[in-house]
Enquirer: 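Pasting a structure below so you can have a look.
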Amino acid sequence: MSVNLQTPIDYLKGVGPNRADLLRSELGIHTYQDLINLFPNRYIDRTKYYAINQLQRNNAEVQVIGVLTGFREVAQKRGKRLVADFKDESGMMELVWFRGQKWIRESLKIGQPYVAFGRANLYNGKFSMPHPELELQSEHEKNLRSAMQAIYPSTEKLTNKGITNRVITKVMQQLFLETKGQFFETLSHSILGELKLMSKSDALFNIHFPKSSDLLSRAQFRLKFEELFYIQLQLILKNLIHKSKIKGFKFEKVGDYFNTFYREHLPFELTNAQKRVLKEIRADFGSNAQMNRLLQGDVGSGKTIVAFMSMLMGLDNGFQCCLMAPTEILSVQHYNGLSELCNKLNISISILTGSSKTLERKIIHENLENGSLQILIGTHALLEDKVKFKNLGLAIIDEQHRFGVAQRSKLWKKNSSPPHIMVMTATPIPRTLAMSVYGDLDISVIDELPAGRKPIKTVHRYDKNRLNVFRFMKDEIAKGRQVYVVYPLIQESEKMDYKDLMDGYESISREFPLPQYQISIVHGKMKASDKDYEMQRFAKGQTQIMVATTVIEVGVNVPNASVMVIESAERFGLSQLHQLRGRVGRGAEQSYCILMTSHKLSNDSKTRLETMVRSHDGFEIAEVDLKLRGPGDVMGTQQSGVLNLRIADIVKDKSILDQARFMAKNTLKIDPSLALPENKAILSTYRQMAKYKNIWNYIS
Ligand code: ADP
Ligand code: MG
């Protein structure tokens, strides 16, 4: 090819230094290549024209053919606006300019037919179109190459400086002229053939100048596929390289600890999903590679027992194991639950948190180093440099989204070579997103709840029904159950319309007086030991009501609690609501979740509440959450490429993503180092992309 696509955009005919500066600063377009990868936001049908009396008051973009009959200036608060009457056979509308009036007056011709393109809105009973794009009808017809006209991303500044959509289209045409529309093919022949994909050059042409809607959708498919393919290729390669480079500790056998526990002490039958996941983990341990596994499972799906049994495999092979949880409460709870099981097997287990006493710490440090301590549970206190293991084989992180990447990587250094790592999360991530964000981890999913769980009845109530809700709470307490009442936050600075936790606590104390009722309160500003004391009182059944902020969101397990009241539920995100609801429904009794809100609800809040009432499926809820918030707010996405997607949409293009992942896997299965001549284009594209850290920076 003759034209170098790295040529600065200034050199393109029709651009020049001023426009080049604007393109750089406003759209990040520095080179020819950047321009070619400026994909349109949408397309409009340029063969469709509206008569003025057909215009609707929906502010849509329309094209109208008419004649300019004259200009006038209208004074307004600041300066003046230029108005032109624009007439067709059916009626009259106004074209309006607030800027560039002198130039407009000089360049437009009265009495000639023009095509006006823009948004028509109703103003003072008349349709008007501010800052239309105008083209002489004769020119318009000459330029009309295809029915569909690309509309490019733009900014106010660009429009103000006269870089309209038409200018960008012209510049794009020039680019195709200079390059003759010939671009380097970035996919292999076999992929192109198998999926019947358009060539790169055809796809680029049709994305900018679609000849038909059919060709446009094929062009879009091809480019979306390509984008997703390279993200997947990168993730899978990372995983492969990791597996071949980093040797893991091989756990040769399943031994006595595991088998004895399985045969004699397992308190229930494992679900099929738990069994399957344990097999997947076992396979990792038995290979030579270091495990990096994400274990996803909805609240209550039984991840803890899977974690424990995985640790038993480690102990069976002479290794130590640790389990790290984000809060003290949760660590204590894990410790209490697992100590019971460990006692039966004569396994030594300890807990280390921020509030561990100096002496306890000293003993733990010693026993870890001499190897007599087998399992250590704790908070991020585990990460401290002083905490040294004799032989750590497996590190498990519960509720991993609460930890930063840096914290996680510290665990890697806790042995001579990295221990196996398992991260667990109860915040389901939609599959497509998991594939793109955690595509370099292996993923296991517990997609089945233990048998016999009664679905939690979820209702939405308005604040004015509070008395009924109190009555319901009393009935449940009379049956011997316990109740959570959760408030959004406790931060004096953000009080305003938030229900203040303390107000709530007072009103509940009035409604549920001593000595008949006992109330616990837990919030983020309490000392850890006080929190723990209150949690324990509630867990032991000494108090009937737990008033709390979201500190109880994560993992807490009190099976006798059967009612979850969430105050100002409209303030919570979907996944958080789902997590909170997961605190009840852990025992045999029918459980309830009551979402309290004010009357004023946004559409998104309504959708969230309806979704909670309708669904119990964490994955379904996560899908809705993704649609509402977009991938940017879903955990883990920040570090991944999904936010930089230029043309594919992680929510809408699921099936393309599946095909892309399949093809990427397949390609690497046949040719792991991309050494075959057939894959030359893929290899060089991949290298470019790795070099520039941008997947659209590679066509050459
Ligand atoms: P999560 O996945 O939310 O961490 P847990 O591990 O805390 O869930 O398990 C929730 C509850 O379900 C616990 O009380 C646990 O003992 C119980 N459980 C786990 N697996 C099973 C099973 N296969 N059958 C019955 N109960 C189970
Ligand atoms: Mg848990």
Side-chain angles (χ1 to χ4, degrees), residues 261-263 265-281 293-312 322-342 344 351 375 377-379 396-403 422-429 443-456 482 484 535 538-539 541 550-562 564 575-589 591 593 616-619 621-622:
F261 179 75
Y262 191 80
R263 260 187 262 115
H265 304 297
L266 194 57
F268 35 67
E269 169 89 7
L270 293 177
T271 63
N272 286 328
Q274 285 171 321
K275 286 183 196 163
R276 188 190 67 239
V277 167
L278 274 168
K279 275 197 197 121
E280 288 164 358
I281 294 167
R293 190 167 279 282
L294 171 69
L295 175 55
Q296 280 202 69
D298 213 339
V299 272
S301 61
K303 292 184 291 296
T304 315
I305 200 79
V306 170
F308 181 66
M309 293 173 77
S310 306
M311 293 201 267
L312 293 183
C322 70
L323 169 61
M324 186 165 80
T327 63
E328 173 130 12
I329 293 178
L330 197 54
S331 304
V332 170
Q333 193 178 289
H334 275 317
Y335 175 71
N336 292 341
L338 297 186
S339 313
E340 231 174 87
L341 303 176
C342 284
K344 295 180 182 155
I351 178 166
I375 295 181
I377 311 284
T379 56
I396 300 176
I397 305 177
D398 197 14
E399 306 298 344
Q400 66 93 27
H401 62 285
R402 300 266 166 148
F403 293 96
M422 176 154 86
V423 298
M424 308 199 290
T425 176
T427 308
I429 310 159
I443 301 180
S444 290
V445 182
I446 306 184
D447 50 5
E448 181 186 356
L449 292 182
R453 293 264 170 86
K454 289 200 187 83
I456 300 159
Q482 289 163 283
Y484 290 104
M535 269 316 296
F538 187 67
T550 46
V551 286
I552 61 143
E553 172 195 344
V554 169
V556 177
N557 191 21
V558 181
N560 190 49
S562 66
M564 167 65 63
S575 67
Q576 217 180 2
L577 289 173
H578 181 62
Q579 287 295 310
L580 285 169
R581 179 169 61 181
R583 296 309 108 216
V584 296
R586 310 196 137 234
E589 304 309 326
S591 291
C593 175
H616 292 91
D617 177 349
F619 282 91
I621 289 170

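Atoms within each ligand, like the ligands themselves, are counted from 1 in listed order.
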Enquirer: Could you list the atoms of ligand 1 found under 4.0 angstrom from a heavy atom of Val299?
Expert: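 Those of ligand 1 that fall under 4.0 Å from Val299 are 3 (O).
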Enquirer: Under 4.0 Å from any heavy atom of Ser301, which atoms of ligand 1 are there?
Expert: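 By the 4.0 Å cutoff, the relevant atoms are 2 (O), 8 (O).
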Enquirer: Can you list the atoms of ligand 1 that are under 4.0 Å from a heavy atom of Thr271?
Expert: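 Near Thr271, the atoms of ligand 1 are 23 (N).
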Enquirer: Among the heavy atoms of Glu448, does any lie under 4.0 Å from an atom of ligand 1?
Expert: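 Outside the 4.0 Å threshold, so no.
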Enquirer: With atoms numbered from 1 as shown, which atoms in ligand 1 lie under 4.0 angstrom from a non-hydrogen atom of Thr304?
Expert: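 Selected atoms, number and element: 4 (O), 5 (P), 6 (O), 7 (O).
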Enquirer: For ligand 1, which atoms have a heavy atom of Glu269 less than 4.0 angstrom away?
Expert: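 Those qualifying, in numeric order: 22 (C), 23 (N), 24 (N).
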Enquirer: Closer than 4.0 Å to some heavy atom of Leu270 - which atoms of ligand 1 meet that?
Expert: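 Taking each heavy atom of Leu270 in turn, ligand 1 has 23 (N) under 4.0 Å.
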Enquirer: Parallel, tilted or perpendicular for Phe261 and Phe308, by the 30°/60° rule?
Expert: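 Perpendicular: the ring planes of Phe261 and Phe308 meet at over 60°.
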Enquirer: On a heavy-atom basis, I'd like to know which of Gly302, Pro559, Ala451 is closest to atom 9 (O) of ligand 1.
Expert: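 Selected option, by shortest heavy-atom distance: Gly302.
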Enquirer: Quick one: do Arg453 and Glu448 make a salt bridge, cutoff under 4.0 Å?
Expert: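 A salt bridge is absent here (no side-chain N lies under 4.0 Å from a carboxylate O).
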Enquirer: For ligand 1, is any non-hydrogen atom under 4.0 Å from Arg453's backbone (N, CA, C, O), its side chain (CB onward), both, or neither?
Expert: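 It is the side chain that gets close, since no backbone atom is under 4.0 Å.
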Enquirer: With side-chain contact (heavy atoms from CB on, under 4.5 Å) as the test, would you mind laying out the steps for Val558 and Arg583 before giving the verdict?
Expert: CA-CA 7 Å; Val558 181; Arg583 296 309 108 216; over 6 Å; no
Enquirer: Step by step, would you call Ser444 with Glu280 a side-chain hydrogen bond (donor to acceptor under 3.5 Å, both in side chains)?
Expert: CA-CA 8 Å; Ser444 290; Glu280 288 164 358; 2.5 Å; yes
Enquirer: Does any non-hydrogen side-chain atom of Thr271 lie less than 4.5 Å from one of Leu449?
Expert: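 Sidechains of Thr271 and Leu449: no contact.
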Enquirer: Near Arg586, which atoms of ligand 1 are under 4.0 Å from a heavy atom of that residue?
Expert: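 So the atoms of ligand 1 that pass are 3 (O), 7 (O), 10 (C).
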Enquirer: Suppose I only count heavy atoms of Gly300 and a 4.0 Å limit; which atoms of ligand 1 are within that range?
Expert: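 Those of ligand 1 that fall under 4.0 Å from Gly300 are 1 (P), 2 (O), 3 (O), 8 (O), 10 (C).
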Enquirer: How many angstroms lie between NE2 in His334 and CG in Asn336, if you round to the nearest 0.5 Å?
Expert: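 His334 atom NE2 to Asn336 atom CG measures 11.0 Å (nearest 0.5 Å).
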Enquirer: Taking NZ, NE, NH1 and NH2 as the nitrogens, is one of them in Glu340 or Lys344 under 4.0 Å from a carboxylate oxygen of the other?
Expert: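 Salt bridge absent between Glu340 and Lys344.
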Enquirer: Quick one: does any side-chain atom of His265 pair with a main-chain N or O of Leu341 as donor and acceptor, under 3.5 Å?
Expert: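 Side chain of His265 to backbone of Leu341, a donor-acceptor pair under 3.5 Å: no, none is there.
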